[in-house]
There are 2 protein chains.
Amino acid sequence: MALTIKVNEETFTPRQQAVLTAALDLLVENGDGLTMTAVARRASCSKETLYKWFGDRDGLLTATVQWQAAKVRMPQVDRSGLNAKTLRASIEQFARDLLTVITGEVSITLNRTAVTHAAQEKDSLGMIVLENGPLAIRRRLKPILEAGRDARLLRFTSSEDAYRTFFGLVVRDVQIRLLLGDKALTQANVTDNIEADVKAATDQFFALYGAKATQA
Amino acid sequence: MALTIKVNEETFTPRQQAVLTAALDLLVENGDGLTMTAVARRASCSKETLYKWFGDRDGLLTATVQWQAAKVRMPQVDRSGLNAKTLRASIEQFARDLLTVITGEVSITLNRTAVTHAAQEKDSLGMIVLENGPLAIRRRLKPILEAGRDARLLRFTSSEDAYRTFFGLVVRDVQIRLLLGDKALTQANVTDNIEADVKAATDQFFALYGAKATQA
DNA sequence: TCTCTGCCGTACCGTACGGTACGGTTCGAT
DNA sequence: ATCGAACCGTACCGTACGGTACGGCAGAGA
């Protein structure tokens with residue numbers, strides 16, 4: 001077998017994971033300076049092995065992003081015993097996770113890489129990042145929202161719209177500014193305010209979709 | 001004079017603008033396939049001229065982005081005769097302009113280019129795009145918001161927060177998905193819904209910050 | 001001990017592209 | 001008519017990097 005890459009199941013040997021780690025590190029450090037030679041040197045392996053394992057540069061890039069993006073596991077929020085308090089806590093937790101992820105250096109790097117990739121008519125990386133980022137959150141959040149609606153704690157007609165509003169309230173302009181390298185938005189600057197932002201976003205979300213609110 | 005580039009004043013001769021147009025076209029078509037040779041051929045000029053005018057590849061890129069980004073002129077909303085109706089119309093107009101811009105092919109290309117650039121410790125392009133995109137809107141919107149507050153039509157403590165909420169409500173996850181090349185978000189798919197989205201976002205904004213609403 | 005397999009390290013090749021040099025042409029100024 | 005500046009087209013150079021080939025070594029199995 002020439003390729004060990006499995007897109008659906010991440011079956012990477014420890015050695016291969018070490019290589020992927022090296023690749024990710026280089027990506028984070030050097031931006032897009034991901035050259036095969038650099039990865040080989042960093043991981044103390046031969047370029048021949050890289051090509052044997054990952055096919056070509058794009059394969060290595062895809063494997064790295066795939067492997068790393070799949071690592072982002074949002075903590076499962078339990079859905080049992082739903083009441084006003086636990087619902088709010090769940091929503092807040094989602095907001096916190098979302099903000100924590102997108103402001104992380106790894107996430108910024110992966111998103112930049114995927115955007116760069118998308119600029120070359122290759123959308124695979126974009127889809128991977130999308131699938132493991134926003135869409136993953138959407139899959140996990142929607143059931144919670146709908147459960148909240150069933151329990152008459154929330155009011156909305158489209159859970160899709162509710163999710164997207166939530167995303168907007170939480171992310172605002174933070175992600176695009178980070179991706180664009182806005183110096184005014186240092187890492188510390190953001191992380192220090194996460195808790196306040198989480199609370200504000202949650203408040204706003206409930207103001208819009210809470211049962212007592214007039215629906216917007 | 002070797003360089004005609006003025007960062008602050010865009011003094012480009014028609015011929016130079018033709019070159020920049022060619023560069024932008026290539027950028028939109030080929031993604032990042034912006035080679036000096038390609039630009040020279042497309043613009044029917046010599047590479048020597050390119051280097052004479054723009055210094056190096058980065059200079060050409062910067063000039064292109066700068067020149068194009070500055071073209072995005074949000075229509076000035078008049079601030080006189082402020083009442084509930086005109087305020088709402090202004091907000092709606094901002095939402096419409098913002099959505100129209102970020103979903104445009106040129107904007108997507110410029111943002112992708114800037115993000116790619118930012119991945120290489122070069123934040124200049126990012127700042128240019130930021131300055132002419134989100135920050136430009138902010139500069140224009142904030143006075144309106146504050147006028148609305150002075151007229152007791154809006155309620156908020158921080159106009160900065162109000163602006164960022166507005167941004168989030170309008171943009172949601174549209175921009176990042178477009179940048180990542182989400183196929184599920186076709187150009188038509190988005191533009192058809194702009195009016196509805198604009199209205200929804202405005203409604204939500206007033207629900208949160210309207211004078212009658214409990215402030216979130 | 002022999003051999004085969006997998007992998008490291010390095011050298012190598014081809015190409016794409018940034019940047020330079022130069023001859024030839026147009027055109028305005030004198 | 002002449003000169004010079006600006007510029008086009010093309011050829012050229014150097015380098016960086018993707019991808020390949022190969023020698024050597026270490027370890028597992030017979």
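In what follows, chains carry the letters A, B, and so on, assigned in the order in which the sequence lines appear, proteins first and then strands, with residues in each chain numbered from 1. Computation of the quantities below employed the complete heavy-atom set of this structure, encompassing side-chain atoms and omitting hydrogens, waters and symmetry-equivalent molecules.
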J.: Any N or O donor-acceptor pair under 3.5 Å from the base of dC7(C) to the side chain of E48(A)?
T.: no
J.: Distance-only, no hydrogens or angles: does the R112(B) side chain make a donor-acceptor pair with backbone N or O of L179(B) under 3.5 Å?
T.: yes
J.: Take D56(A) and A43(B), find for each the nucleotide of DNA chain D with the closest heavy atom, and name the residue whose nucleotide sits nearer the 5' end.
T.: A43(B)
J.: Categorize R15(B) for me: base, sugar-phosphate, or nothing, with a 4.0 angstrom heavy-atom threshold over every strand shown.
T.: sugar-phosphate
J.: Expressed in angstrom and rounded to an integer, what is the separation of L26(A) atom CG from dC17(D) atom C1'?
T.: 15 Å
J.: Could you please name the option among dC8(D), dT20(D), dT20(C) that lies closest to any side-chain atom of C45(B)?
T.: dC8(D)
J.: Between dG9(D), dG18(D), dG18(C), which nucleotide gets closest to the side-chain atoms of S44(B)?
T.: dG9(D)
J.: Does any N or O donor sit under 3.5 Å from an N or O acceptor when you compare the side chain of K52(A) with the base of dG6(C)?
T.: no
J.: Check the distance between dC8(D)'s C1' and R42(B)'s CZ and give it to me in whole angstrom.
T.: 18 Å
J.: Can you figure out which of dG18(D), dG18(C), dG9(C) approaches the side chain of M36(B) most closely?
T.: dG18(C)
J.: Of L178(A), D173(A), V171(A), which meets side chain to side chain contact (heavy atoms under 4.5 Å, CB included) against Q175(A)?
T.: V171(A)
J.: Rounded to whole Å, please give me the gap between CG in L60(B) and P in dG19(C).
T.: 10 Å
J.: Does the side chain of S46(A) get closer than 4.0 angstrom to OP1 or OP2 of dG9(C) through an N or O atom?
T.: no
J.: Base, sugar-phosphate, or nothing: which does L50(A) touch, judged by heavy atoms less than 4.0 Å apart?
T.: nothing
J.: Does the pair D197(A)/R164(B) count as a salt bridge with the N-to-O cut at 4.0 Å?
T.: no
J.: Which one, dG19(D), dG18(C), dG9(C), comes nearest to the side chain of Y51(B)?
T.: dG18(C)
J.: Return the 5'-most residue of the pair A40(B), T35(A) with respect to DNA chain D, ranking by each residue's nearest nucleotide.
T.: A40(B)
J.: Between T109(A) and E105(A), is there a donor-acceptor pair closer than 3.5 Å when you use the side chain of the first and the backbone of the second?
T.: yes
J.: Check whether any side-chain N or O of R57(A) sits under 3.5 Å from a backbone N or O of Y51(A) as a donor-acceptor pair, and report yes or no.
T.: no
J.: Expressed as a whole number of angstroms, how long is the span from L61(B):CG to dG19(C):P?
T.: 12 Å
J.: Would one find a side-chain N or O of T49(A) under 4.0 angstrom from OP1 or OP2 of dC8(C)?
T.: yes
J.: Report yes if at least one side-chain N or O of W53(B) is closer than 4.0 Å to OP1 or OP2 of dC7(D); otherwise report no.
T.: yes
J.: Atom NZ of K47(A) to atom P of dC12(C): distance rounded to whole Å?
T.: 13 Å
J.: Rounded to whole angstrom units, what separation is found between the CG atom of D32(A) and the P atom of dA16(D)?
T.: 15 Å
